[in-house]
Amino acid sequence: MIIYGVAFLAFCTLAGIFIGELLGKLIGVPANVGGVGIAMLLLIFLGSYLNKRGLFTGKSEQGVEFWSAIYIPIVVAMAAQQNVYGALSGGPMAIIAGIAAVAAGFALVPVLSRVGQKKPEGDVTSSMTKAPR
């Protein structure tokens, strides 16, 4: 049912926010640290796991697809809540962290593009063109 997909999305969001708050407390930051990103990773990995097990059917996926259609406005609303001016006036650490995150993302693009690709089987033409000994 579609409602199961929405409930699954809500579970991932709440778990991600909880983990982000806990992570913030552990490193001494009075804020949610990566809660939305953690929620997205949970959604991807748990959704894939449940789909492989046959527990996440097509109707349930429609609940997640419904929210993915309005994902950008949600992210814009969440970003509007962030205090960007406070982060920038707090020192260069926010700028350095942002640049490092973007650089790491760019560096991981080739690695992530190879994930899940099948390894090519031996070159068939090269074994046919060699003369037998």
Side-chain angles (χ1 to χ4, degrees):
M1 291 177 24
I2 295 173
I3 193 71
Y4 292 148
V6 175
F8 175 68
L9 183 66
F11 167 76
C12 289
T13 302
L14 291 174
I17 290 173
F18 174 75
I19 294 169
E21 291 286 337
L22 186 64
L23 186 60
K25 288 190 189 309
L26 287 175
I27 63 173
V29 177
N32 184 332
V33 178
V36 175
I38 294 168
M40 287 299 179
L41 291 174
L42 281 173
L43 182 68
I44 292 168
F45 291 127
L46 284 177
S48 176
Y49 175 78
L50 292 174
N51 197 7
K52 287 179 184 176
R53 300 279 186 251
L55 300 172
F56 203 58
T57 62
K59 281 288 194 185
S60 297
E61 288 177 0
Q62 287 179 354
V64 176
E65 288 174 6
F66 166 73
W67 285 104
S68 69
I70 59 170
Y71 174 73
I72 293 174
I74 290 172
V75 171
V76 169
M78 288 188 305
Q81 294 177 1
Q82 302 297 319
N83 189 354
V84 177
Y85 177 74
L88 293 177
S89 66
M93 185 54 85
I95 296 171
I96 293 170
I99 291 171
V102 170
F106 282 144
L108 288 175
V109 167
V111 174
L112 293 175
S113 69
R114 282 188 238 125
V115 172
Q117 290 182 353
K118 293 182 181 179
K119 293 182 180 179
E121 296 177 21
D123 192 5
V124 178
T125 57
S126 65
S127 64
M128 297 176 118
T129 56
K130 291 182 181 177
R133 294 183 185 200

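Because the structure is predicted, anything quoted here is derived from the model rather than measured.
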Please round to the nearest 0.5 Å and tell me the distance separating atom CG of L26 and atom CG of L22.
4.5 Å
Taking all non-hydrogen atoms of both residues into account, name the closest pair between C12 and A39 and its distance.
O-CB, 3.3 Å
Report yes or no: do Y49 and F8 belong to one cluster of Ile/Leu/Val/Met/Phe/Trp/Tyr joined by side chain heavy-atom distances under 4.5 Å?
yes
Least distance between heavy atoms, G24 atom then V33 atom
CA-CG2, 3.5 Å
Nearest heavy-atom pair of I38 and G16: which atoms, and what distance?
CG2-CA, 3.9 Å
Distance-only, no hydrogens or angles: does the S48 side chain make a donor-acceptor pair with backbone N or O of I44 under 3.5 Å?
no
How long is the straight-line distance from CG of L112 back to CZ of R114, given to the nearest 0.5 Å?
9.5 Å
Nearest 0.5 Å, please: how far is CG in L46 from CG in N51?
12.0 Å
Any side-chain heavy-atom pair of F11 and L42 under 4.5 Å:
no
What distance separates I19 CD1 from L41 CG, expressed to the nearest 0.5 Å?
10.0 Å
What heavy-atom pair brings L43 and L9 nearest, and what distance separates the two atoms?
CD2-CD1, 3.6 Å
